[in-house]
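Reviewing the structure listed below.
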Amino acid sequence: MPDYGHLQQRLEQRRQQHLWRQPPLLQSAQGVVVQVEGQSLINFSSNDYLGLAADVRLQQALAEGASQWGVGSGASHRVCGHQLPHRQLEERLAALTGREAALLFSSGYQANLAAIQTLFGSGDRVLQDRLNHASLLDAGLASGANFRRYQHLDSNHLQQLLDKPHDGQTLVVTDSVFSMDGDQADLAGLARLCQRHKAWLMVDDAHGLGVLGSQGEGSCGAALPASQVPLLMGTLGKALGTAGAFIAADQVVIDYLQQFARTHIYTTAQPAALAVATLKALDLLAQEPERRQHLHDLIQYFRRRAAQLGLPLMPSDTAIQPLLLGSSARALHWSARLREAGLLVMAIRPPTVPRGQARLRITLTASHQMHQVDQLLNELEQLQQQEPLAFQEEAVDA
Ligand SMILES: *Cc1c(COP(=O)(O)O)cnc(C)c1O
């Protein structure tokens, strides 16, 4: 038996730093109300922004998809796992995002690895917002390109990096909506900057697709076509309620990824039944704009009331509404108290967020009702009033 001492030591350290991750075990479907350890909780932690993850019409589409196309795809896309629903979904996603073509992946993590690692490498440079999603940062590091991070949303800093002379290709990468902060990049400004410096711009729209844009097309759409944002990534496991992801781009880029992207080639295609379910989600996106409207109303309402209560809001207009609490212990304490009151709000701690910036990551969805948001606000108000002094004085992690 190997000596596990070093593993045990690091695990113990995690626990002591209040960084241990103990996910709730759901004994129900995803939704606004979930069952956890026999308790019924109102869920403010999922990315199911449109409330589609357990929609009965998606369930039916998945079941019908499985009857017609089977369960497993049986092979990778390039061998014989690419079925008609996959192709239909790629065409619909390209149309929705206003791109020539799209390519499916089993997850957003894989899609980001594919785009960055396949198209950029040694001799190129990759510049990323420092708060980009971990999968983008990992991909930048793994690409072998010269990898630099610029200060969050700081186009002056990015400009300085772009001004340095460079021979190879340059890629600038940003989240559209930042996953732990909820704030948004100035995509039009970034696109102009990139055009001036002949750099590629890649946008990860995991939290924008389905929610933003007049048709739910996300942060780019026709206003920022492929000539300005040549690489667009979207995920299907958030607002669309299913699973998987895609890259949308000009045809030549998609052809190249199909031929060379290792995370596309060397993995089994997602089940076609899932693609059938996602096609249904895209129908609902078009047919039920009131979901997006209700979500935006809830966001406005939550922010107005939270500001009145003096809660530590962050500058976000999206469904992600974090409350910045500082220390990990404090974030865990608030989360535990909310849980006792029947509310599921997860604490987000380092290394997912920078040290001293632990927070509650509150997410709103189209399925929440106003009175549920009120219930959350009331509990937060009480917590703020009753909080032990020790937490109020403590600003950062030890
Ligand atoms: C969730 C997420 C991903 C990863 O997508 P998965 O399909 O969950 O692997 C990538 N980027 C961002 C910004 C995300 O929030």
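Remember, it's 1-based here, ligands and their atoms both numbered in the order they're listed. Quantities reported herein were computed from a predicted structural model and do not represent experimental measurements.
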query: So is Asp175 polar-close to ligand 1, meaning N/O to N/O under 3.5 Å?
result: no
query: Is there any N or O on Thr235 that sits under 3.5 Å from an N or O of ligand 1?
result: no
message: I need the nearest protein heavy-atom contact for atom 6 (P) of ligand 1: residue, atom name and distance, please.
response: Gly108 N, 3.2 Å
- request: Tell me, please: is Lys238 in heavy-atom contact with ligand 1, that is, under 4.0 Å?
  value: yes
field: Close-contact set for ligand 1 against Asn112 heavy atoms, below 4.0 Å
entry: 10 (C), 11 (N)
- line: Heavy-atom proximity to atom 12 (C) of ligand 1, picking from His133, Met233, Met180, points to His133
query: Below 4.0 angstrom, N of the basic side chain to O of the carboxylate: do Arg291 and Asp55 qualify?
result: yes
message: If we set the cut-off at 4.0 Å for heavy atoms, which region of Leu236 has an atom near ligand 1: side chain, backbone, both, or neither?
response: neither
Between Arg15 and Gln13, a side-chain donor and acceptor under 3.5 Å: no
- prompt: Mind checking whether Ser135 has a heavy atom under 4.0 Å from ligand 1?
  reply: yes
query: Where on Gln110 is there a heavy atom closer than 4.0 Å to ligand 1, on the side chain, on the backbone, on both, or on neither?
result: neither
If you look only at distance, which donor and acceptor atoms sit under 3.5 Å apart when one is on a side chain in residues 211-218 and the other is two or more places apart or in another chain?
residue : atom : partner : partner atom : Å
Glu217  : OE1  : Ser214  : N            : 3.4
Glu217  : OE1  : Gln215  : N            : 2.7

- request: Can you label the angle between the Phe120 ring and the Trp200 ring as parallel, tilted or perpendicular, going by 30° and 60°?
  value: perpendicular
message: Ignoring hydrogens and geometry beyond distance, is a side-chain donor-acceptor pair present between Asp204 and Asn132 at under 3.5 Å?
response: no
Run the side-chain donor-acceptor check on residues 345-353: report pairs under 3.5 Å with partners two or more places apart or on a different chain.
residue : atom : partner : partner atom : Å
Arg349  : NH1  : His18   : O            : 2.6
Arg349  : NH1  : Trp20   : O            : 2.9
Arg349  : NH2  : Trp20   : O            : 2.9
Thr352  : OG1  : Arg21   : NH2          : 2.8

message: Please determine whether a side-chain nitrogen of the Lys or Arg among Asp283 and Arg92 lies less than 4.0 Å from a carboxylate oxygen of the Asp or Glu.
response: yes
- prompt: Which of the atoms of ligand 1 are close to Asp204, meaning less than 4.0 Å from one of its heavy atoms?
  reply: 10 (C), 11 (N), 12 (C), 13 (C)
